[in-house]
*Asks:* 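My questions all concern the structure below.
To find a chain, count down the sequence lines: A is the first, B the second, and so on, and within it residues start at 1.
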Amino acid sequence: MTGPVIHDVATLPADDNVNPYAFSVDLNGQWFLQKGKMIAYYGSIDFHGIGHGRLDRLIAGSFHSPLHAADWVVAEGQGKMLLADRAFDVNSYDLEDGNLTIRSGNLLAFQPSLALKQSIIPGFLTLIGTGKFVAASNGPVVFVEPPIRVDPQALVGWADCPSPCHHYDHQYLRGFLGGLRAHTGIGGASGEEHQFEFVGAGTVLLQSTEVLMPELATGAVPDEAGVPGGGGHPAQSGSQLPQLPGGLGDLQRRFGL
Amino acid sequence: MACARVHKRWSIVTAARTITAGGATKGRSGADRDQLGSRPVRAPGPPTTVWSVAQFRLQGSKVLAVDMTGDAVKAKNGAMVAYDGQMSFKKMTGGGEGLRGMVTRRLTGEQMAVMEVKGHGTCYFADRASEINLVRLQGEKLYVEASNLLCTDAALRTGTTFTGMRGASQGNGLFTTTVEGTGQAAITSDGPAVVLRVTKQYPLQVDPGAYIAHTGGLKQHFQSGVNFRTLIGEGSGEAFQIRFEGEGLVYVQPSERNTVGGEV
Amino acid sequence: MPFTALNSRMVEARIAPGQRMFSQRGAMLAYRGEVSFTPNIQGGQGGIGSMIGRRIAGEATPLMTVEGSGTVMFGHGGHHVHVVDLTGETLYVEADRLLAFDGSLDQGTMFMGSQGGVMGMVRGQVTGQGLFTTTLKGHGSAAVMAHGGVIELPITPQRPVHVDPQAYVAHRGEVRNKLSAALGWRDMVGRGSGEAFQLELSGQGTVYVQASEEKL
């Protein structure tokens, strides 16, 4: 009988993937969880909003992104909990006294032993410390090493290497401006004019997408002198608005250009 | 569980693959599970009966191939993507349940536009790139969201059952489609379904948007903890979870979306 | 073959000096080395005349030329990518499904109406892709996008294949296509899509079908 695999509370993996799209957390204590990413659970698990009193100490130690607080909860209790996100690929990552920066919409859950902070690159979150976290990607993640230039929309995150810088392709801009757009009015940014450039030692995580996952609260930074992007506009979720010819689209929004 | 250290301070662990840091080629995820062509075609299961029954097999994970020799299957309208041989298609308004079924269906809003496909050859079905799960029924009853039912043996009876309030939060109506009898059914899910066993000792809580089907003697009811409300968030219309108690199996999709395979 | 599948949704291509490739604009995900991307007003090969023809045909998917030395990763919208290797035969594919292809392939546009007659024209309306289809001929590879992955179905003279026009991706070989109606006329009335029309492919070759009725 070639039936499907049937899982129960005992056979569900502990802190491991059930299949490429679902992850099973063996909860015995607390995990931070993005809202709505739990699809099923066994056992007795409570879900607490962040900033609701009695978990203040935990949150003070692990959660340093006030703008994301409304999107996250703490799962507390004993049991097996299944996490998934719109049938995207789900991976778990182990950090050992390390750091990894990831697009905010891709992060599903993390252990409280990690500290979550907002990256200086808007829309990205940095996890620091030792522990496990779970993240989603559109298709399997592809790992590459610098030096490499990456379409910003294909970037999932990066580990260890320095934060990226912007790279503009002069040739493309010139050809683009002089050619296609002038003749046809077809325009817009498509990633070929501009990339994130990574250098140094580390690993860059890529996915195939031009359709971004909704960025839940991209994390506006304080409007103060010396903070890049300060006073930037908090981004609307989903970036599939039609782009104006020649506009920088996402970049404009994400970097407050 | 193999766990490869990547670079010096972090590593990635997954069930399906082990990833080592390296160049683009070295660092890529190893086995790519959802490439349709690369998957071995699953064996069509042991033939259960001597008379000729349509053979269901999966071509990859998102295309259902049905081999027919003069017999018929019932399938979701519009789900045929290709066929070879001789096929005829017949629209079956009301799911072929006769007048009463039609009336019930109209009242409940559980529209299941069904067609009957009959002929000789192979017919291929798919529904918006959803994963397809084969369920072999041996007399038991399958409860499935109408939008997730792709195809059944013509011999299986389909009907509609009142399932309480669950549908209300999912926008799928208050009724659920039931499939009964002996034969094969194919249900779709957004991502491969995870099948979870419910026992008396271990009841199961499920996000309504992730539920697709269940079998067995299960009682379901809503649970709406104050705490859980904070999880789902206000305004999403999902401030509930379904609690299953009893003995049975629950099919859950790795997604909270209810749009895929939903309204056509 | 220049395309290496990284996973079901991303391919990597190695490009060397003197070679070139064409890709859909926006399809580059990342690259290393010295690689330049030039949008062509010609829209690939064939010069301005061909471009005008293509614009009229509604096949105005902008292409760019990829040249230089290095590796480029392509992908688009999380769609599945299928690599088709050609050894002399012709691939027929809708332009907006083409992710990238070898510069060694001859690109052309074919008026589908000329092959399928009136029904061929209807076909254009059904798929919404216009009446023209891009052809690629020669030796090389093309990366084709599909929603939910692709299955290959062989077409033999004894076994024609019928395909839902919405799920049709591409075909190759000596294949004739025509649109047929499988349902009775009465059933067709009032139904915009589904099984009302089917694309019948007969001859000798392969048809690529996606696991979805959704167009790209």
*Asks:* Taking all heavy atoms of A:Tyr42 and all of B:Tyr202, pick out the closest pair and write down the distance.
*Replies:* CE2-O, 3.8 Å
*Asks:* CE/A:Met38 to CG/B:Asp207 distance, rounded to the nearest 0.5 angstrom?
*Replies:* 6.0 Å
*Asks:* For A:Ile39 and B:Pro254, work out which heavy atoms get closest and say how close.
*Replies:* CD1-CA, 3.9 Å
*Asks:* Could you give the distance from CZ (A:Phe88) to OG (B:Ser255), rounded to the nearest 0.5 Å?
*Replies:* 8.5 Å
*Asks:* Which distance, rounded to the nearest 0.5 Å, do you find between the CG of A:Leu12 and the CZ of B:Arg197?
*Replies:* 12.0 Å
*Asks:* Please walk me through it: do A:Asn19 and B:Val194 pass side-chain contact (heavy atoms from CB on, under 4.5 Å)?
*Replies:* CA-CA 8 Å; A:Asn19 63 31; B:Val194 178; 3.7 Å; yes
*Asks:* To check you understand the geometry: which heavy-atom pair defines the closest contact between B:Val195 and A:Val5, and what is its length?
*Replies:* CB-O, 3.5 Å
*Asks:* Report the option among B:Leu196, B:Asn133, B:Thr199 that has the most heavy-atom pairs separated by less than 4.5 Å from atoms of chain A.
*Replies:* B:Leu196
*Asks:* Could you tell me whether the side chain of B:Gln205 and the main chain of A:Tyr41 form a donor-acceptor pair under 3.5 Å?
*Replies:* yes
*Asks:* Contact part of A:Leu206 toward chain B, heavy-atom cut-off under 4.5 Å: side chain, backbone, both or neither?
*Replies:* neither
